Every structure is written in C-alpha cells, then in structure tokens.
K.L.:
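My structure is below; once you've seen it, I'll send some questions.
Keep in mind that this is a model prediction, so the values were computed, not measured.
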Amino acid sequence: MWRLALRTLKFRRTSFVATFLAMFLGAAIVIGCGGLMETGVRMAAAPQRLSEAPVVVTGEQTHDSSALTERHRIDAGLAGEVARADGVRAAVPDVSFPATVLKDGKPLTEKSASYGHGWASARLTPYTLAAGRSPVTGGEAVLDAGLARRAGARPGSSVDIVVQGTARPFRVSGIAEQRGAHNPDAAVFFTDDRARALAGGRIDSVAVLPEPGTSAAAVADAVRAEVGDRAEVLTGERRGLAELPGTLSSRRTVVILSAVFGSSVVLIVMFGVASTLGLSLQQRAREMALLRAVGSTPKQLRRMILTETAVLSVTSVLLALAPGYAIGRLLFKVLTSSGVVAPAITYHAGPLPMAVGAAVTVLAAAGATRFAGRRAARTEPVAALAESTAASRWFSLPRLLLALFFLANGIGLAIATATVMEDGPTLASTAGPASVLFCVGLALLAPGLTKAMVALLRPPVRALSGLSGQLALRNAATAHVRMAGAVAPIVLLIGIATGTLYMQSTENHVSRTSYDANILADYVLDSTTGGFAPGVVATVRATPGVAAASEFVTSRGFVDRPGGPADADLRGVSAEGVRQSLDLPVVAGSLDGLRGDTVALSEKKAREYGVRVGDRLPLHLGDGTPLRPTVVALYTDNPKQQYLTLPAATLAPHTGDGLPHQILVRAARGTGTEVHDRLAALAARVPGTELDDSSSLAGRNNQIQQILVSANYTIVAMIVGYAAITVVNTLVSVTRKRRAEFGLQRLTGATRAQVIGMLTVEGVLIGVVATVLGTLASATTIVPYSLVKSGSYLPSGSLGIYLAIVGGSLLLVFGATLLPSWRGMRSPAVDTVKAA
C-alpha cells in the first residue's frame, strides 16, 4: 500500500500541490501564533544594567494575580536583610529615575532616555571609570561616556541636570564606559545617598552577588526565605523584568491576542486543509472506481488515502517549522514596534508551539481523510460511468449537525457581545471569532445555499448574458457541489476581512470622537525631562490670558471588590482647573474637593462599586499602594472614557517618574494668539517643555487606543492571505480538472470566446453568492460590536473598505479561473480531450 500511495503522489504531483500548500502554510501560521502565545505566557526579559547579578530582588509586580502597571518600590532596609542570607557576598541596592543632562539650557537629544542611579550599581552592568573618579559628595555626578561627549563635559566641569522636574548644577567627577552593550539607556551616576533621596527614599531592587562557588539557585532560595512575601526574587532570563516596570501588564494583551487569532487560525486552517483535501479526493472519483473495479477493497483504498495524506502532512509540517518560527518573530516584532511589548522581552518558540502546529495540521488532514476518503473508498465501480451523479451528493446528518454547531456558536458569541460584554479590551475577543465560526458553518452548507441562490439569480442571468449565461447556469445546476467548493473559501475571506477591518475602524472612530469631546483645554504643556515640578502649574495659572490650568496624570490601578480586583483607568487632575479642562458634568458633590485622598467617578461606576458621595472607595494604585479615598463627586457617565479622577498630587508619586507630565491650559476668551506666545515663552524657560494644542493630547490617546492596530492588521493579513491562497488553490484545481469539458465544448462548436464568457458568468455567480454569504457572516461581528461601541447597527468606516474586499475577492476568482482556462485552450481541443 505504501508503494501504491507513493506512486500515486509521484504521478499526480500537480493534483497534490494545492493540498500540500494548504497544510504547509497552515502549519506555519499556527506555529507562529503558538510562539507568540508562549512568549506572552513566559514573559521574560534578559537583564541589561543588572546583567552581572545572577539574582535580583524587586517589588512584587502583581496584585491579586493582576499585573501592576507602575514600578513597585521596596524599602531600602531590605538590602541589609538580603545581605544576611546564606551564600550572599554582596547585596547592591539599585534605583532608577529620570536625569536629563542639559546643554545650553536644552536637553541633549538621545535615541533613548537618560536615567540616574547610585554609583554602587555601576559595577552591575558593568560600568568602569574611563576618566576621573567616583562621586563623593551630593553635588557630584559621573556621566555616561556618550552623554559626556554630547555635553562636552570632562572631569571637573559643571553640567546642569534635570531631576524631579528641576534643573540643578552638578560637578562632573568622572566619565564611565560600559563593557559590552548591555544598557541601551544613557546613565548618570550620583552618590548612593543622593540617588536614593532623589528617588524618594525607596529603592527599585537589590542586585545579589553570590559567594564564589555558590549556585544562583541556592542563593535565590535563601533570599526568598529571608524576604518572604515582601518582595519578588528573580533569576535567569526573568531578571530583566526588574528593569521594566509594568511589563507584566502586557502579558494579558499578548496572550489574549494570540489566543483569539490563534483559535481563529486553527479553525481556518482545519477548514482550508479539509476542503482542499476533500476536493482532491472528489476529483479522483473515477480513479477510485477503477481501483474498485480491479478488485481493491474499501479498506485498502482508505489505507492508500491515509498513507498519501500522512506523507503530505508530515512533509509539510517538517518544512513549516522554520517558516513558522519566522512568522512568530514577525508578529512579535510588530508588537514591539507598536509598543504593546517592550523590545527587551525575549521571544520564545519552543517545542510546544511546534507540536501544536504539527498536531493541528495532521488532525485536520486526518479528519478530512476520514470523511472525504470514506465516501471515495466506498465508490462502486459503476460510479466510473456516472461521475456527475456522484458529484452531486453532499448532504449528510454529521455535516448538518457540524454546520449547526458552528452557526449556533457564532450567533451565541454575537448575542453575548451585544448583551453581556461591556465596552473594554476584551470585547473583541468575543466579537471577532463570531464571524469566523459563522463562516465555517455557512461553508459546510455551501452546496445547498449555492444551489438555492443560483436558482434565484437564474432570471437576471438569462436576461443579461445570452448563450454564455445559459451554459454557466447549466453547469451551476448540475455541478453545484463543485461551485460550492469555490464559494466556501471566498465566504471565509470576505467574512473575516470585513468583520475585522470594520471592527477596527469603529474602534478608531469612537475612541477619537469621545476623547475629543472630553477635552476642553486649548493647549497642553508636555515635559520630556521626567515631569513638571510642583510650582510650574502655579506659574502657568499666573500667565496673563490663562483662564485655568490643571496638571494631568494617567495611570491604571485596581478597585478592590469582593469578587476580586477590577481594572480601573486613573486620571490625576488639579482641583483648581479641572472643570475648565475636562468635560465632567457633576451630578453630586463637587470637584473642588479633589484634594488629598479623594476621588471622583461616574454615576455608573459608583453604582457598580456600590459607593456614593462621602463613602470610601478601596483602591490599589498602579504601583500596588493601597488607598481608600473619599468620594467627593459623581459626574455623568461617558461610556467611552470610564476613568476614576484623583488629585494629581496623590496619583503622580505612584507613577514611574513620580511627577505629572502634562499641564492642560484653558485660555480666556478673546485672548487670541497672545496667550499662545506667552505660553511658548514660558515653555522655553522650563527645560524640556513642549507646547502644543489640545488635539495633540487626543492624538496621543488615539495612539494608545490603536496600539494593537498594526498587530491586528498584520495577523488579519496573514489569515486573509491564507484564505486567498486557499481560494486560488481551489479554483485553479477545479479549472484544471475541467479542461476536458472545455475541449468537448469546443469540439461541439463552442468558440474560445464563448467558453471564456461562460467562465466569466460562473465567476460572477460565485462572487455574488460568496459576497452575500460573507457579508451575512461579517454582520455577526460588526453589528453587535457597533451596538456596544456606538449604539448603532452600522459600523464606522469608509464604504471603500468593503468595496476593496469584494473587489479583491472577485479579482482572485477571475484570475484563478480565466488565466488557467485561457492557457489550457491554447492546445488543440482534441489533444485536451485525449489527455483527460
């Protein structure tokens, strides 16, 4: 049987190309998504500044299993406790804070930011002195060699450095150079005491150096026993997370993204492989009948088909391993370039995603072989004389039940999206797969749906297309199963592309318009040196022509509830200017009370959390700090901007830089451009300050909202590309199989133009049927998503998106049918019939 299967593959190479491509590309895409999933689950980063320390102690990076978005600093006294653990040679405290070197009153432009540290941590990179000496007093600093070169500084000279929002003079005591290229950020070193004071008295982490001959694992265990649950002990490739606060918060995004698209890809690959293999077996019905006629049993034929499939699937999986890894790296690069994941995160694609990709491909092929091969193996010898009749059989109870299963799940997800899910980052995780499931269900019923729709289209086709249309309708009536094989992958292509692209365009529109309406300020001052000192906002308010000014801070935290913490967007503002800067119509209490440990929130959030004015709301801020602020105001709900409002002075110290980065400014009426000129002059006096209008703030928010856009489009492009290849494979395979039919038509008097015309009408029929079904499938994603986002049944976005999708699909149809047919008809008709 192996010999027969291999000879079949050898002499029918062309007929197996489509099946092989479907398996190969499907396995590669699944392996790529699997690698992305593994990367998100492991979420590891190689150390950079702390590369010389095999063990790193840092603040807990989660709160009740939810990842913190800001750095959780630890007590400086913890370093002494770590130093007492068995096997510890040295415990080096480390701090990191913005420290911007100025030249001529302006920040040095660097590709990356510059940060201040204590000199004791310099050996961890390692940094070594290239000139001068280490800092001794609080007014001295050691500069990274790159910074010193740009600043024109040398030992003994003086430079201005912005720390805590204020420019201060420091004497350069030395110049330091890295050995190797571990740290991409420029560094400024102070004395350890001064660095700790500038960082607020707490430390970021403790780098642990073991005694000679002591293993890192043993030291890590001893340190864990010493610190308990007050800190987290990192080893190996996870040490880099201590330098990347908030990185773990991206794990959820990466895992959800890879899971949603990975599951969609698995369904699509299984469908693509099964449909392509099933079509190949259908086209071999005459061959199967002849084998039965010479004495082969159904069991032998099933074994032959299974062997062929095994050879193809194993070969395609082995060849897909390297491309699958490359696809995963590409997806990861898209995520890092769009800011979803820090570039320092390590990409992982181990044996597990490889095994999953292989299993999906092999199982899809085995399933197709079982269903399609079973029917082919049972073909009676007489079927060789009645192939057209056999080709019309498609309906079976298992097929119907499977189709109803996919349709019901697609509709169920659509209903859940519209009625159960709230507007948030997980909304797309139910809306997106709905159209995929519905597409698969429609594809399984495609023969019956195609036959019914062709019957409805018969009158207009007859009236408009003449003889070519008559031939096309006759073919569609007698070979609706063959036509459905071409319709099904196009339904998948149109349904997924339309649903996903309009879902994204709706998200973009709603985010942009709702944020624009919420911002009342005219201008925004933006700090590029780590934030504004507390007195800057008062200076802005005192500027002639300024009606109000408010500091502006953004972060994420958690509201503590009995069922577990709930994610919450946090914004910090100044009570003196918030009413003129943000549109927050108050319905209870007053925003003037936003001072100290207080909070204001929307009516809807207040009902959700069970609080009212005067109650305390249990929170954990982005760095894990617990807070019980008093509710001082409730404002009307904006479903697209659901955030909690706190005083900027309360929220900012618990963010990465500890200071507000923006100041919102409302100009007095009738001031014209004068206030802009005065604010520009003020910005010039505060180093690293940029002035822009408020639309820039909305633009930055839009960038945050669209942070997954490039990743979404990349993955959708891969899925649509795979579906397009499946379309082309199917149509080319079907067209090549019909060469004898075209030859007979030409021998009976039909011209080449009439045959091409017939194929054109068939292509139009395929396109119309697929467009209707694909549009219906996409509605299961678009309609519920739009209802939740904007309250409308119709999505936001240009009609050109839909026209481009449909137009591209029609081009694939005509290109994959007319071109092979035209090339095939260059041979004499008699030779074409003989070759069949």
Side-chain angles (χ1 to χ4, degrees), residues 17-18 21-22 25 29 268 271-272 275-276 279 435-436 439 442-443 446 450 453-454 457 460-461 464-465 468-469 471-472 475-476 482-502 504-505 713-739 742 752-778 797-826:
V17 168
L21 284 176
L25 294 173
I29 295 175
I268 295 165
F271 171 78
S275 62
T276 307
L279 177 64
S435 59
V436 178
C439 281
L442 290 178
T450 300
M453 292 188 66
V454 168
L457 295 172
V461 172
L464 298 174
S465 57
S468 296
L471 293 173
N475 285 335
R482 181 181 65 198
M483 178 174 284
V487 167
I490 305 174
V491 171
L492 206 65
L493 190 156
I494 293 176
I496 294 174
T498 303
T500 305
L501 294 182
Y502 274 110
Q504 188 63 62
S505 66
Y713 285 166
T714 301
I715 298 177
V716 169
M718 290 171 53
I719 294 176
V720 171
Y722 179 78
I725 291 173
T726 304
V727 170
V728 173
N729 281 342
T730 302
L731 292 173
V732 170
S733 179
V734 169
T735 303
R736 289 178 63 88
K737 183 66 177 178
R738 296 177 63 189
R739 285 183 177 178
F742 302 152
R752 291 185 183 180
Q754 288 174 327
V755 175
I756 293 295
M758 175 195 72
L759 290 172
T760 301
V761 176
E762 287 185 11
V764 172
L765 289 173
I766 292 171
V768 170
V769 173
T771 299
V772 172
L773 297 181
T775 304
L776 179 63
S778 69
S798 169
L799 181 62
I801 297 175
Y802 179 72
L803 296 179
I805 294 171
V806 174
S809 302
L810 291 177
L811 287 177
L812 287 176
V813 171
F814 292 131
T817 54
L818 299 184
L819 183 60
S821 302
W822 174 77
R823 292 183 61 185
M825 284 187 288
R826 290 186 301 178

K.L.:
Just to verify, which of Thr817, Ile490, Leu493 counts as forming a side chain to side chain contact (heavy atoms under 4.5 Å, CB included) with Leu812?
P.N.:
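Among the candidates, only Leu493 passes.
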K.L.:
Could you give the distance from OG (Ser435) to CG (Leu492), rounded to the nearest 0.5 Å?
P.N.:
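Between Ser435 OG and Leu492 CG, I get 9.0 Å after rounding to 0.5 Å.
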K.L.:
Search all heavy atoms of Ala484 against all heavy atoms of Ala446 and return the closest pair with its distance.
P.N.:
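Of all heavy-atom pairs spanning Ala484 and Ala446, the closest is CB-C, 3.6 Å.
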K.L.:
In Å, rounded to the nearest 0.5 Å, how long is the span from CG of Leu803 to CG of Leu810?
P.N.:
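The CG atom of Leu810 is 10.5 Å from CG of Leu803, to the nearest 0.5 Å.
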K.L.:
Minimum heavy-atom separation for Ser468 to Gly757, with atom names?
P.N.:
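Answer, listing the atom of Ser468 first, then Gly757: CB-C, 3.6 Å.
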K.L.:
Would the distance check show the side chain of Tyr502 and the main-chain N or O of Ala497 forming a donor-acceptor pair, the cut-off being under 3.5 Å?
P.N.:
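Answer holds: no.
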K.L.:
Can you tell me how far the CG atom of Asn475 sits from the CD atom of Glu762, to the nearest 0.5 Å?
P.N.:
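One finds 4.5 Å between CG of Asn475 and CD of Glu762.
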K.L.:
What distance separates Ser465 OG from Met758 CE, expressed to the nearest 0.5 Å?
P.N.:
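Those atoms lie 12.0 Å apart.
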K.L.:
Does some side-chain heavy atom of Met483 sit less than 4.5 Å from a side-chain heavy atom of Val454?
P.N.:
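Yes, side chains in contact.
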K.L.:
Would Thr498 and Thr775 count as a side-chain contact (heavy atoms from CB on, under 4.5 Å) here? Give the steps.
P.N.:
CA-CA 7 Å; Thr498 303; Thr775 304; 5.9 Å; no
K.L.:
Locate the shortest heavy-atom distance separating Leu442 from Ala777; write the atom from each residue and the value.
P.N.:
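Closest approach of Leu442 to Ala777, heavy atoms only: CD1-CB, 4.1 Å.
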K.L.:
Is there a side-chain contact between Phe814 and Ile766 (heavy atoms, below 4.5 Å)?
P.N.:
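No, every pair of side-chain atoms sits at 4.5 Å or beyond.
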K.L.:
Minimum heavy-atom separation for Ser505 and Gly797, please, with both atom names.
P.N.:
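Scanning both residues, the minimum pair turns out to be OG-CA, 3.8 Å.
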K.L.:
Measure the OG1-CD1 distance between Thr771 and Ile805 for me, rounded to the nearest 0.5 Å.
P.N.:
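It comes to 10.5 Å.
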K.L.:
Might you point out which heavy atoms bring Ile494 and Ser809 nearest each other, and give the distance in Å?
P.N.:
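So the minimum-distance heavy-atom pair works out to CG1-OG, 3.4 Å.
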